[in-house]
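Just below is one structure, and these are the notes that go with it.
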Number of protein chains: 2
Amino acid sequence: MTQQESPRKLYLEIVKQLRTMIEKDGLKAGDKIPSERELSERLNAGRSSVREALRALELLGLIETRRGEGTFIRDFRGNQLVQLLSTFILQDEKAKKDVIETKYLIEIDCLQTVLDKSDKGQIGRLKQWAIEHTYEDGEFFSRIAEFADNHLIFRIWEILKDYYHSLDLHDYQPTKQQYIDLAEALEKGDFELVLASYRKLRNLSA
Amino acid sequence: MTQQESPRKLYLEIVKQLRTMIEKDGLKAGDKIPSERELSERLNAGRSSVREALRALELLGLIETRRGEGTFIRDFRGNQLVQLLSTFILQDEKAKKDVIETKYLIEIDCLQTVLDKSDKGQIGRLKQWAIEHTYEDGEFFSRIAEFADNHLIFRIWEILKDYYHSLDLHDYQPTKQQYIDLAEALEKGDFELVLASYRKLRNLSA
DNA sequence: AAAGAAAACGTGGTCTGACCACCTGGTAAA
DNA sequence: TTTACCAGGTGGTCAGACCACGTTTTCTTT
């Protein structure tokens, strides 16, 4: 009765315990986790169950296994998972639309947030960077999302970005000037202007 | 010899073949796929390898396994991928603030979206419901998120809601009238008014 | 003593066969 | 007809055995 919580799928339980273990031991990206055999022993489970958990995490891009060496924690930025999902799931037209829409919403949220709490200096540097460098769309908005100083929404945005890219619909390529315009709008602190710039950049109707 | 293409991870190869098989046989959500033993035979692989592939797909929410019955294709739209990722990402304590902030942002996004594409009838019914029933905060916004007709953002919102609740900071309880006000603001189609109502309901400063 | 080659060890990758727990459907008993 | 039961199929798990590949250690050879 102590564990009606999760006596169901052992491998899910192992995933959970792995997470706990990683947290407790303060393991970070690049660190090595115990071998399958040792985990099997420590967690009191069969090696195959441990492997099922590891495979799942691997497919999500959370860990990386190297034959002959071991299993390592990865810098979670799902890329192969996205590819898999895209070929598997995203046939659904509606889901595509949702991804696009949501990405735009989140990006606007980030712009709003940056406007609310970034200082002029930061935005000024962003503008300078926008002027002086060449970059891809992802790079630019990655900065925006970072400046929003909200790690969670940054993560969400990253996932959405990956989904978005996997859709392969780079139909509209913003010009460099449009990025600069957006940065300048941020600098002026006028949200309406920011919104207008963003819509132009994304080629959206009002 | 026929497939040196991907001698890397067998389970990934199996995932691929499963995808092909599903596509070729025209299997849809709810359909049953062959048993692990049969797959093992047909794909010329050990059952454990087949299982590793299935577990990965399960964690992605692409299939569902029922003991004693079999393995079934799932309606993959908004799987638990985000869920899983967040449990890994949200370990950070500092993330609390982010959760709150992000939840608010997403809620406003939903309100905005509802405003953009919901018809008057829907909103009218929402208002009626808001007046005639009692409900919890989650229930109300669950409806909002649904009306936004964006499954993905609904999922994201659900996760944020769960995390929000787990933070245990139900410091402010909106009144019923505030929900009704919000619904009425939606009905009027004035976003500024909606925003003001929302902020009041959430006890936020402008 | 230093450098290189060979063996030993540890690790993930895979397969096999064996149980268990559970569900389903058919059959026998009431 | 209804009920009870049981056999077969299915996923869940485990243990042990190899293999392939890196790393480390050991032992030659120079």
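As a basis for the values below, the full set of heavy atoms in this structure was taken, side chains included, without hydrogen atoms, waters or symmetry mates. Chain identifiers are assigned alphabetically (A, B, ...) following the order of the sequence lines, protein sequences preceding nucleic acid strands; residue numbering begins at 1 within each chain.
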Think B/S49 has a side-chain N or O under 4.0 angstrom from the OP1 or OP2 of C/dC15? yes
Whichever of B/E38 and B/R51 has the more 5' nearest nucleotide on DNA chain D, that residue is B/E38
Over all strands shown, is B/R37 touching base, sugar-phosphate only, or nothing at heavy-atom distances under 4.0 angstrom? base
By the 4.0 Å heavy-atom rule, please label A/G68 as base, sugar-phosphate, or nothing. base
D/dG12, OP1 or OP2 - any side-chain N/O from B/R55 closer than 4.0 Å? yes
Is the count of non-hydrogen atoms from other residues, nucleotides or ligands lying under 6.0 Å from A/Q128 atom CD greater than 12? yes
To the nearest angstrom, how far is A/L43 atom CG from D/dT13 atom C1'? 15 Å
Rounded distance (Å) that lies between atom C1' of C/dA21 and atom CZ of B/R66: 17 Å
Are a donor atom and an acceptor atom from the side chains of A/S142 and A/K161 found within less than 3.5 Å of each other? no
Does any donor atom in the side chain of A/E58 or A/T65 lie under 3.5 Å from an acceptor atom in the other side chain? yes
Identify which nucleotide among D/dG11, C/dT14, D/dC14 has an atom closest to any side-chain atom of B/E52, counting heavy atoms from C-beta outward. C/dT14
Whole-Å distance separating the NZ atom of B/K32 from the C1' atom of C/dC23: 11 Å
Can you confirm whether A/E132 is buried at CD, in the sense that more than 12 heavy atoms of other residues, nucleotides or ligands lie under 6.0 Å from that atom? yes
Consider the side chain of B/S48, meaning its heavy atoms from C-beta on, and name the nucleotide among D/dG11, C/dC15, D/dC21 that approaches it most closely. C/dC15
Quick one: B/E41 CD to C/dG17 P, roughly how many Å, whole number? 12 Å
From the options D/dG22, C/dG12, D/dG11, select the nucleotide whose nearest atom is closest to the side chain of A/E69. D/dG22
Can you check the B/L12 CG to C/dT14 P distance for me, whole Å? 9 Å
Roughly, in whole Å, what's the span from CD in A/E36 to P in D/dA17? 18 Å
Does NZ or CZ of A/R143 lie under 6.0 Å from the centre of the six-membered ring of A/Y179, at an angle within 45° of the ring axis? no
Between atom CZ in A/R67 and atom P in D/dC21, what is the gap in whole Å? 6 Å
Can you check the B/I63 CD1 to D/dG11 P distance for me, whole Å? 10 Å
Nearest-nucleotide comparison on DNA chain C, the residue closer to the 5′ end among A/R47 and B/R47: A/R47
Would you tell me if any nitrogen or oxygen in the side chain of B/S40 comes within less than 4.0 Å of OP1 or OP2 on C/dC15? no
With respect to the phosphate group of C/dG13, does any side-chain polar atom (N or O) of A/T65 fall under 4.0 Å of OP1 or OP2? yes
